[in-house]
*Asks:* 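Here it is, the structure, as structure tokens.
Computed from a predicted model, the values in this text were never measured in an experiment. Numbering of ligands and ligand atoms starts at 1, following listing order. The basis for the numbers below is simple: all heavy atoms, side chains too, and nothing from hydrogens, waters or symmetry mates.
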Amino acid sequence: MEKEEEKKEEIKKEPEEKPEEESEKENFVIKFDKVDKFYAEDAPVLKGINLEIKEGEFISLVGPSGSGKSTFLKLIYAEEKPTEGNVLFGEISIATIKKSKLPAHRRNIGTIFQDFKLLPKRTAFENVAYAMEVSGFSKVEIEEDVPQILEIVGLQNKANKFPHQLSGGEQQKVAIARALVNKPLVIIADEPTGNLDPESSQDIVELLLEINKLGKTIVLASHDKEIVDRANKRVVALDNGKIVCDTKKGKYKVIKCT
Ligand code: ADP
Ligand code: MG
């Protein structure tokens, strides 16, 4: 009986093409709850941050250099702990997470940075394969998954190229492929286009949008107006340790927060 009811539910849901707003999931995947972060006693970096990020959301975190964007991402990754308040990642409390739980927590998160951090003596394929090896995947899984992941990022034809044979944008795509190996729920990208020309930067944001469409939650920290505008998703602006703007669908350039 139960199963039949479930089936009906599914059938009911499927054909409806709901407008984006209605189909948004209500569950948060990340929640900042009254978060303060100080590195030094007299210099607060984040003050009283409250923010929920829902599953499947794409958010662009913007703000001037030193406004706490990277710190915000490090709190999600549990690379830093909140000084006051808490960050929740699903059920996981970052304030109290045990060291032994960190690897499992971090497998839920793919990370992308300004510098691509590729292994220079390994091909694109091997760079991605190496990340899988480190995560304990079998040879069979690696042989099966790496080509698929390279296809997602559009590098199936460059699998055997070494980093120095790839453009900056392509190298960043390898880094994005590597960030996908654990099938993470969330991707955090800290200034991913900081080393790229405008055209490659657009490519990277397009790819992040694609990956978001596959269901991944994306948290992008960037002061690159062009790519934040291109993303055209929720924009959260930090200034002086506080959220000064949170727009549902936003363009960096139209934000007036004062
Ligand atoms: P953003 O990414 O927006 O440029 P950050 O989060 O990197 O900002 O830095 C916010 C502030 O915190 C800056 O003033 C920076 O100098 C300081 N800060 C960042 N990391 C540390 C650290 N590990 N120790 C001390 N101060 C830090
Ligand atoms: Mg930063």
*Asks:* For Lys69, counting its heavy atoms only, list the atoms of ligand 1 lying under 4.0 Å from any of them.
*Replies:* 1 (P), 2 (O), 3 (O), 4 (O), 6 (O), 8 (O)
*Asks:* Taking 4.0 Å as the limit for heavy-atom contacts, which would you say applies to Ala40 with ligand 1: side chain only, backbone only, both, or neither?
*Replies:*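 Neither; nothing of Ala40 gets under 4.0 Å from ligand 1.
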*Asks:* Quick check: does Ser70 get an N/O under 3.5 Å from an N/O on ligand 1?
*Replies:* yes
*Asks:* Work out whether the distance between some heavy atom of Gly66 and some atom of ligand 1 is less than 4.0 Å.
*Replies:*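 Under 4.0 Å: yes for Gly66.
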*Asks:* Less than 6.0 angstrom from the centroid, inside 45 degrees of the normal: does Lys34 satisfy that with respect to the ring of Phe32?
*Replies:*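 The answer is no; the distance or angle limit is not met.
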*Asks:* Between the main-chain N or O of Gln114 and the side-chain N or O of Asn195, is there a donor-acceptor pair closer than 3.5 Å?
*Replies:*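 Yes, Asn195 side chain to Gln114 backbone: donor-acceptor pair under 3.5 Å.
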*Asks:* Got the closest protein heavy atom to atom 8 (O) of ligand 1, with its distance?
*Replies:*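 The closest heavy atom on the protein side is Gly68 N, 3.1 Å.
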*Asks:* With a 3.5 Å distance limit and no angle check, can you tell me whether Arg178 reaches the backbone of Lys117 through a side-chain donor-acceptor pair?
*Replies:*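 Indeed, once roles are kept as given, a pair shorter than 3.5 Å links the two residues.
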*Asks:* Do any of the N, O or S atoms of Ser65 sit under 2.8 Å from the Mg ion (ligand 2)?
*Replies:* no
*Asks:* Whether Arg106 engages the ring of Tyr77 as a cation-pi pair (distance to the six-membered ring centre under 6.0 angstrom, angle to the ring normal within 45°) should be assessed.
*Replies:*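 Flagged: Arg106 positioned over aromatic ring of Tyr77.
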*Asks:* Could you tell me which non-hydrogen atom of Lys99 sits nearest to which non-hydrogen atom of Pro103, and how far apart they are?
*Replies:*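 The pair with the smallest heavy-atom distance is O-CD, 3.6 Å.
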*Asks:* Under 6.0 Å from the ring centre and within 45 degrees of the ring axis: does the NZ or CZ of Lys31 meet both conditions for the six-membered ring of Phe28?
*Replies:* yes
*Asks:* Could you tell me which atoms of ligand 1, counted from 1 in the order shown, lie closer than 4.0 angstrom to a heavy atom of Pro64?
*Replies:*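 Every atom of ligand 1 under 4.0 Å from some heavy atom of Pro64: 3 (O).
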*Asks:* Need the ligand 1 atom indices (1-based, order shown) with element for anything under 4.0 Å from a heavy-atom of Val45.
*Replies:* 10 (C), 11 (C), 12 (O)
*Asks:* For atom 5 (P) of ligand 1, what is the closest protein heavy atom, and at what distance to 0.1 Å?
*Replies:* Thr71 OG1, 3.7 Å
*Asks:* Please check atom 25 (C) of ligand 1 for a protein heavy-atom neighbour under 4.0 Å.
*Replies:*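 Yes, because at least one protein heavy atom sits under 4.0 Å from atom 25 (C) of ligand 1.
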*Asks:* Is it the case that the side chains of Asn182 and Ser135 hold a donor-acceptor pair, with the cut-off being a distance below 3.5 Å and no angle test?
*Replies:*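 Per modelled atom types, Ser135 and Asn182 side chains form a pair under 3.5 Å.
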*Asks:* May I ask you to check whether Thr123 and Asn160 show a side-chain donor-acceptor distance below 3.5 Å?
*Replies:* no
*Asks:* Any chance the side chains of Ser70 and Asp190 put a donor and an acceptor closer than 3.5 Å?
*Replies:*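 A pair is found: one side chain offers a donor N or O, the other an acceptor, under 3.5 Å apart.
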*Asks:* Could you tell me the residue and atom name of the protein heavy atom closest to atom 22 (C) of ligand 1, and the distance to it rounded to 0.1 Å?
*Replies:* Tyr39 CD2, 3.4 Å
*Asks:* Flag atom 16 (O) of ligand 1 as yes if some protein heavy-atom distance to it falls below 4.0 Å, otherwise no.
*Replies:*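 Looking at atom 16 (O) of ligand 1, one finds that no protein heavy atom lies closer than 4.0 Å.
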*Asks:* Does any N or O atom in Lys74 lie less than 3.5 angstrom from one in ligand 1, N or O only?
*Replies:*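 There is no such contact.
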